[in-house]
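Structure first, commentary second.
This structure is a prediction, so every number in the text was calculated from the model and none was measured.
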Amino acid sequence: MAFGNKPQSMDELLKEFMKRIPHRTKLQRGMVLHVWPEIVGDKIAAVSKNLHFEGNRLVLEVDNSAWRHEIHMKRFSIAKRLNEKVGNKVVQEIVVRAS
């Protein structure tokens with residue numbers, strides 16, 4: 001930070017840092033997995049299993065079809081909030097599977 005500049009938030013600094021490093025997509029995917037509980041809340045995070053990426057798709061499993069339906073209905077808003085949090089459109093689609 002240069003003298004006289006306004007301090008930046010950690011979110012802003014992290015987004016700037018991510019723009020400058022190689023392999024940022026992998027790091028941003030890791031960030032998505034890390035912030036998943038913060039974005040979806042405790043209940044959905046607790047029932048989400050095997051959260052991983054298949055290309056640009058974020059895939060997860062849940063125990064029953066009721067949870068699958070609940071998350072499926074919210075998938076666009078969840079993807080938007082995840083992408084906003086990491087500062088890039090990392091999640092193109094969310095796929096929810098009932099195990």
Side-chain angles (χ1 to χ4, degrees):
M1 178 171 76
F3 180 73
N5 288 350
K6 181 181 174 186
Q8 292 180 298
S9 73
M10 288 302 290
D11 279 348
E12 291 170 353
L13 290 172
L14 185 58
K15 286 176 186 176
E16 282 183 31
F17 173 74
M18 292 301 290
K19 290 177 186 175
R20 297 181 182 159
I21 60 170
H23 309 294
R24 70 174 178 248
T25 301
K26 288 182 181 180
L27 289 172
Q28 287 172 327
R29 287 178 180 171
M31 290 171 58
V32 164
L33 300 178
H34 178 73
V35 299
W36 174 260
E38 174 186 338
I39 299 299
V40 300
D42 294 336
K43 289 182 181 181
I44 291 177
V47 299
S48 302
K49 295 191 256 179
N50 195 18
L51 190 65
H52 66 280
F53 276 91
E54 292 178 2
N56 292 330
R57 300 181 328 160
L58 180 60
V59 180
L60 65 129
E61 295 177 7
V62 293
D63 285 332
N64 62 54
S65 59
W67 277 115
R68 191 194 81 65
H69 181 72
E70 176 75 20
I71 299 168
H72 181 77
M73 295 299 293
K74 296 180 178 182
R75 71 189 186 281
F76 295 116
S77 65
I78 293 170
K80 181 181 177 187
R81 292 189 325 224
L82 288 167
N83 289 330
E84 286 173 354
K85 186 71 174 178
V86 299
N88 197 5
K89 194 167 183 181
V90 178
V91 180
Q92 300 287 328
E93 181 182 0
I94 296 177
V95 177
V96 187
R97 298 175 180 152
S99 53

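A continuous path of ILVMFWY side-chain contacts below 4.5 Å connects Phe53 to Val35, so both sit in one hydrophobic cluster. Residues Leu51 and Phe76 fall into different hydrophobic clusters, defined by Ile, Leu, Val, Met, Phe, Trp and Tyr side chains chained together at heavy-atom separations under 4.5 Å.
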Only pairs under 3.5 Å count here: list side-chain donor-acceptor contacts from residues 78-90, not counting sequence neighbours, and write none if there are none.
unit_1 : atom_1 : unit_2 : atom_2 : d
Arg81  : NH2    : Ile39  : O      : 2.6
Asn83  : OD1    : Val90  : N      : 2.9
Asn83  : OD1    : Val91  : N      : 2.8
Asn83  : ND2    : Ala79  : O      : 3.2
Asn83  : ND2    : Val91  : O      : 2.9
Lys85  : NZ     : Glu38  : OE2    : 3.0
Asn88  : ND2    : Gln28  : OE1    : 3.1

Contacts table for residues 57-69: side-chain donor-acceptor under 3.5 angstrom, sequence neighbours left out:
unit_1 : atom_1 : unit_2 : atom_2 : d
Arg57  : NH2    : Glu54  : OE1    : 3.0
Glu61  : OE2    : Asn50  : ND2    : 3.4
Asp63  : OD1    : Lys49  : NZ     : 2.3
Asn64  : OD1    : Ala66  : N      : 3.0
Asn64  : OD1    : Trp67  : N      : 2.9

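Side chain of Arg29 to backbone of Gly55: a donor-acceptor contact under 3.5 angstrom is found.
Taken from CG in Asn56 to CD in Glu93, the straight-line distance is 9.5 Å, to the nearest 0.5 Å.
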(request) Step by step, work out the side-chain contact (heavy atoms from CB on, under 4.5 Å) result for Met73 and Ile71. (result) CA-CA 5 Å; Met73 295 299 293; Ile71 299 168; over 6 Å; no
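Considering all non-hydrogen atoms of both residues, Trp36 and Ser48 come closest at NE1-OG, 3.3 Å.
For the pair Ile94 and Val96, the minimum side-chain heavy-atom distance is below 4.5 Å.
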